[in-house]
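Structure first, commentary second.
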Number of protein chains: 2
Amino acid sequence: MATKGKITSLDIAYLAGVSQATVSRALRGSPLVNEETRRRIEAAVKQLNYKVDKNASNLRTQHSGTLALLIFEDPTADDSHINPFFLSMLGSITRACAQHGYDLLISFQQFSRDWHADYADSKKADGIILLGYGDYLAYRDKLATLVEQGTQSVRWGAVLPDQPDVSIGCDNFQGGRAIAEHLLAQGCRRIAFIGDASSHYPEFQERYRGYADVLAAAGVAVDPALQVDAETTELAGYEAMQALIASGAPFDAVFAASDLIAFGAMRALDEHGLKVPEDVALAGFDDIPMARFVNPALTTVLQDTRQAGEMLVEALLRMIRGEKVESAILPVKLTVRRSSLRGGAGGK
Amino acid sequence: MATKGKITSLDIAYLAGVSQATVSRALRGSPLVNEETRRRIEAAVKQLNYKVDKNASNLRTQHSGTLALLIFEDPTADDSHINPFFLSMLGSITRACAQHGYDLLISFQQFSRDWHADYADSKKADGIILLGYGDYLAYRDKLATLVEQGTQSVRWGAVLPDQPDVSIGCDNFQGGRAIAEHLLAQGCRRIAFIGDASSHYPEFQERYRGYADVLAAAGVAVDPALQVDAETTELAGYEAMQALIASGAPFDAVFAASDLIAFGAMRALDEHGLKVPEDVALAGFDDIPMARFVNPALTTVLQDTRQAGEMLVEALLRMIRGEKVESAILPVKLTVRRSSLRGGAGGK
DNA sequence: CTGAAAGCGCTTACAG
DNA sequence: CTGAAAGCGCTTACAG
């Protein structure tokens, strides 16, 4: 039937005995089309297995029905070792896109290199979602350029006073507070913080601020000797923990700025014969799926990735529609597991 | 400078003092363009921050420089609980696409519903990669339809004699053999298999065949009472293990058809006071990132997702180029960890 | 409610 | 090496 060549709306028009314009109207759901005509067209579409050519329709309408997701990662990142937290986000973003009838283009980006953010300019995507950690101070300029050029974009990350872009982030400060309060309630007083706490990594910095805030309010000294930098990998957490132990500074709890860091810390503690939670209470941040499987299961802060993904997509779509969009902060939830429980719950 | 309206190749042409056709040639890297002319054009492109409109160029050239990845999942699947193995695949596929200069569109699909495989027909993608478990016998017809309609596609999955499509899969049979041999070598004789072993799930079936093959060769009975169905989730593994324990059939080892199943089995064993590996040796399949973090760390079979992703993408691109492409089987690698070690390595 | 026609922004034979 | 022109397959004012 179909003459091998590509089937176009003209073929449908011919088969249905109408003009090509009417086919287009019918397929776009225009109310102007007669019910009977529409039925004939739909029959023809089915018969020839016709699909509208998106390149043509996108060219004509000047939008693509597609969003792009850029995930930043370390150059060191190995295939399968993308931060699981971002993979969860990816899942919920994909789903949110589908719900809104948008397709999703994804791309991993090296943080340090020039971003391939051309998806929007080249009309492959109507807007861009940015995801991933990296040095914010380096980040900032590129973000500003993006925004200046009028690229529609939203970012997952810390929500700060003067940032150039629209961001959605979780309440890192409250999360940090929750962990610190919990560890204090467990009787810990020498609580180490593993993770960068500078303005280069605002999310970690906020977690640290929450932690320091609670300690100070409780009259517990915030000892700089108990803070060790680490990027978000198991290895960095391991090495930072080693360094802390080697330093000889006494501690009875560890607040790792992310779950991956906590896993590394757990391994280092184990190698040094320090038991979690009996000798050292341990907590992380993110609540990635693995957190409940490690032994002991990890106390952490749940970031609701489902909600986050929906917020990101919805914010971006509103932006694309030309509405004014504000940054937003999502609540977090403390998730207590065995790794931080000093009392009777510990032990084998 | 740019008059707010969209910048097109005509603007570049005007600025560079050439025709629009020459701009197009220069930007596509045609050797016909004079060096000096090319430089002027490139300067203009930079000055106006021009990007080629992909919708227009794709429409003209009739291909999109994009591949689509469909990931099938259970309707029950929660946001963040996509099988981590497929997330690893997603990572390596994304990377492989980037290496080949292709963009990647992703979409989660409900297995039971009609697939939204229109990416290719609508010219949004040049081809499709299929990923995910599901009832193969139901799957098969849809696959056949896809292939019939001439949609370019490759699938990750079992490589079987009569399948309609091109598949890349790992050597499930050898993987099953490797686990069984290892468990036998540990002195186990009553080795349970948790996972579906029917032709509905050919990958699991192959793993089961490898296992049964080795047992038979070693003169160990393959007891049907020791095989319990389970889909690939932690919960299904947990429930299947409960059922097996409740059945009263004695066993000294468990071969779970996937790591997620193994995690669930581990939890059930733990709740029943059965120690891994002392009382029961346990092995999984996939080597997802969590496998090394559970306690005890899980013996499993490594599927090389990096290689798999590259193979899938390369096969699909060859197909798109019109080359003949065959299905292929990738080697696997036994990864022994503490969960299966009966000897001195066990214990705390 | 429908059709004829213009045009989205490119790419690429064709002619020079 | 370059330009003028056709055309990819749609969508949408415009006219009826």
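In what follows, chains carry the letters A, B, and so on, assigned in the order in which the sequence lines appear, proteins first and then strands, with residues in each chain numbered from 1. All values below were derived from every heavy atom in this structure, side-chain atoms included, with hydrogens, water molecules and symmetry-related copies excluded.
- Between the side chains of Thr66(B) and Lys124(A), at least one donor-acceptor pair of N or O atoms lies under 3.5 Å.
- Here Arg28(B) lies in heavy-atom contact (under 4.0 Å) with sugar-phosphate atoms only.
- Contacts of Ser9(A) with the nucleic acid, taken as non-hydrogen atoms under 4.0 Å apart, involve only primed sugar atoms and P, OP1 or OP2.
- Distance, Leu27(B) CG to dT2(D) P: 14 Å, rounded to whole Å.
- Closest contact between the side chain of Asn34(B) and the listed nucleotides dC1(D), dC8(D), dT12(D) involves dC1(D).
- Nucleotide dA13(D) holds its C1' atom 14 Å from the CD atom of Gln20(A), rounded to whole Å.
- Atom NZ in Lys123(A) sits about 8 Å away from atom P in dG9(C), given to the nearest Å.
- For the OP1/OP2 pair of dG9(C) and a distance below 4.0 Å, the side-chain nitrogens and oxygens of Tyr50(B) include no atom meeting the criterion.
- Note on Gln62(A): only backbone sugar-phosphate atoms sit closer than 4.0 angstrom, heavy atoms only; bases stay farther off.
- What separates NZ of Lys54(B) from C1' of dT11(C) is a distance of 13 Å, to the nearest Å.
- Neither side chain, Asp126(B) nor Gln152(B), offers a donor N or O lying under 3.5 Å from an acceptor on the other.
- Residue Thr37(A) places at least one side-chain N or O under 4.0 Å from the OP1 or OP2 atom of dT2(C).
- In summary, Glu36(B) and Arg40(B) engage in a salt bridge, as defined by a charged side-chain N under 4.0 Å from a carboxylate O.
- Between the side chain of Ser92(A) and the main chain of Thr305(A), a donor-acceptor pair closer than 3.5 Å is present.
- As a whole-Å value, the separation of Asp53(B) CG from dG7(C) P is 18 Å.
- To the nearest whole angstrom, the two P atoms, one in dG9(D) and one in dA13(D), are 23 Å apart.
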| From CA spacing to verdict: side chain to side chain contact (heavy atoms under 4.5 Å, CB included), Lys51(B), Asn49(B) | CA-CA 7 Å; Lys51(B) 296 288 176 334; Asn49(B) 190 34; 3.1 Å; yes
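- If you measure from atom CG of Asn58(B) to atom P of dT12(C), you get 12 Å, rounded to the nearest angstrom.
- At the heavy-atom level, Ser57(B) lies under 4.0 Å from the strands shown only through sugar-phosphate atoms.
- Nearest-nucleotide positions on DNA chain D for Arg60(B) and Val18(B) put Val18(B) closer to the 5' end.
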| note | A correct dot-bracket answer for DNA chain C, with pairs being Watson-Crick or G-U at under 3.5 Å, [ ] for crossing pairs and | for inter-strand pairs, is |||.||||||||.|||
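- Checked against dC1(D), dT12(D), dC10(C), the side chain of Ser24(B) finds its nearest nucleotide in dC10(C).
- For the residue pair His200(B) and Asp135(B), a side-chain donor N or O sits within less than 3.5 Å of a side-chain acceptor on the partner.
- Straight-line distance from the CG atom of Leu59(A) to the P atom of dG7(C): 14 Å, rounded to whole Å.
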| field | Intermediate values then yes/no, side chain to side chain contact (heavy atoms under 4.5 Å, CB included), Glu314(A) and His100(A) | value | CA-CA 9 Å; Glu314(A) 277 162 20; His100(A) 290 273; 3.5 Å; yes
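- To the nearest whole angstrom, the two P atoms, one in dA5(D) and one in dC1(D), are 24 Å apart.
- Looking at which nucleotide of DNA chain D each of Ala56(B) and Thr22(B) is closest to, the 5′-most match is held by Thr22(B).
- In the model, Arg155(A) has a side-chain atom that pairs as donor or acceptor with a side-chain atom of Ser167(A) under 3.5 Å.
- The OH atom of Tyr14(A) sits 19 Å away from the C1' atom of dT2(C) (whole-angstrom rounding).
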